[in-house]
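From a predicted model like this one, the values you see are computed outputs, not experimental measurements. Hydrogens, waters and symmetry mates play no part in the numbers below; they use all other heavy atoms, side chains included.
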Amino acid sequence: EECWKIMYDLLIFHFMETESKLQGKSKAIAVSIAKGNDRLSEISRSLNYKMDALSTYLRRMIDIGIIEKAGEGRYIHQDPLFAEWLRLKE
């Protein structure tokens with residue numbers, strides 16, 4: 001049982017460290033993607049952001065390894081467990 005607790009604590013620490021890389025609009029975008037808004041238009045609509053304004057944030061999030069492009073205009077989290085944690089946390 002202690003082993004599971006240690007693993008859980010390490011996982012939560014990793015998620016919190018990853019989340020700390022996200023601030024402001026980047027965090028809102030990450031949460032939106034985690035909630036299933038994976039297309040540029042859906043992210044834009046869910047946050048009431050202009051689509052062209054999202055590209056800078058999405059590119060940065062790709063560069064730091066939070067999300068990845070998954071086809072034409074689709075974005076997903078590189079770590080599905082982090083996405084689920086983020087979705088449930090919000």
Side-chain angles (χ1 to χ4, degrees):
E1 190 171 309
E2 183 64 27
C3 181
W4 289 110
K5 169 88 171 95
I6 292 169
M7 289 173 55
Y8 174 81
D9 289 345
L10 287 172
L11 191 58
I12 295 301
F13 176 78
H14 168 70
F15 290 162
M16 290 173 70
E17 184 178 32
T18 302
E19 183 185 29
S20 74
K21 297 176 184 176
L22 301 168
Q23 298 173 357
K25 288 186 179 181
S26 292
K27 183 174 179 185
I29 293 166
V31 170
S32 181
I33 294 169
K35 289 182 176 181
N37 299 304
D38 63 351
R39 298 199 177 279
L40 189 58
S41 60
E42 295 170 347
I43 299 165
S44 173
R45 190 173 27 258
S46 74
L47 299 172
N48 200 24
Y49 294 165
K50 293 182 180 178
M51 284 200 292
D52 54 338
L54 290 173
S55 62
T56 302
Y57 295 100
L58 292 168
R59 203 169 320 119
R60 180 182 173 275
M61 293 168 67
I62 290 169
D63 289 346
I64 62 174
I66 304 288
I67 62 170
E68 61 187 59
K69 228 175 170 180
E72 192 64 36
R74 289 188 59 228
Y75 297 88
I76 61 171
H77 280 272
Q78 284 191 353
D79 182 344
L81 285 176
F82 173 69
E84 184 65 9
W85 178 80
L86 198 58
R87 184 185 70 79
L88 292 172
K89 186 173 176 268
E90 293 300 313

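A continuous path of ILVMFWY side-chain contacts below 4.5 Å connects Tyr8 to Met16, so both sit in one hydrophobic cluster. Hydrophobic clustering (ILVMFWY, side-chain heavy atoms < 4.5 Å, transitive): Leu40 and Ile76 are in distinct clusters. Both Tyr49 and Val31 sit in one connected hydrophobic cluster of ILVMFWY residues. Membership requires side-chain heavy atoms under 4.5 Å apart, directly or through other members.
Using the six-membered ring where Trp is involved, Phe82 and His77 have ring planes that are perpendicular, over 60° apart on the 30 and 60° scheme.
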Would you sort out whether Arg60 and Ser26 count as a side-chain contact (heavy atoms from CB on, under 4.5 Å), showing the intermediate values?
-> CA-CA 9 Å; Arg60 180 182 173 275; Ser26 292; 4.0 Å; yes
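Tyr57 meets the ring-ring contact (aromatic ring centres under 6.0 Å, His included) test with no other residue; sequence neighbours excluded.
A donor-acceptor pair is defined here as one N or O able to donate and one able to accept, closer than 3.5 Å; such a pair exists between the side chain of Ser20 and the backbone of Glu17. Side-chain atoms of Ser32 never come within 3.5 Å of backbone atoms of Ala28 as a donor-acceptor pair (strictly under, hydrogens ignored).
Rounded to the nearest 0.5 angstrom, Arg74 CZ and Glu42 CD are separated by 9.0 Å. Taking CD1 of Ile66 as the reference point, atom CG of Leu22 lies at 4.5 Å (rounded to 0.5 Å). One finds the NZ atom of Lys25 at 8.5 Å from the CG atom of Leu54 (value rounded to the nearest 0.5 Å).
A salt bridge is absent between Arg59 and Asp63; no separation between the charged side-chain nitrogens and carboxylate oxygens falls under 4.0 Å. Checked for salt-bridge contact, Arg87 and Glu84 meet the test: a charged N lies under 4.0 Å from a carboxylate O.
Residues Phe15 and Leu11 meet the side-chain proximity criterion, which asks for heavy atoms closer than 4.5 Å. Contact of the Lys69 side chain with the Tyr75 side chain is registered, since non-hydrogen atoms from C-beta on lie closer than 4.5 Å. Side-chain contact between Ile12 and Trp85 is present, with at least one heavy-atom pair separated by less than 4.5 Å.
No option in Leu58, Asp79, Asp38, Ile29 other than Leu58 meets the side chain to side chain contact (heavy atoms under 4.5 Å, CB included) test with Ile67.
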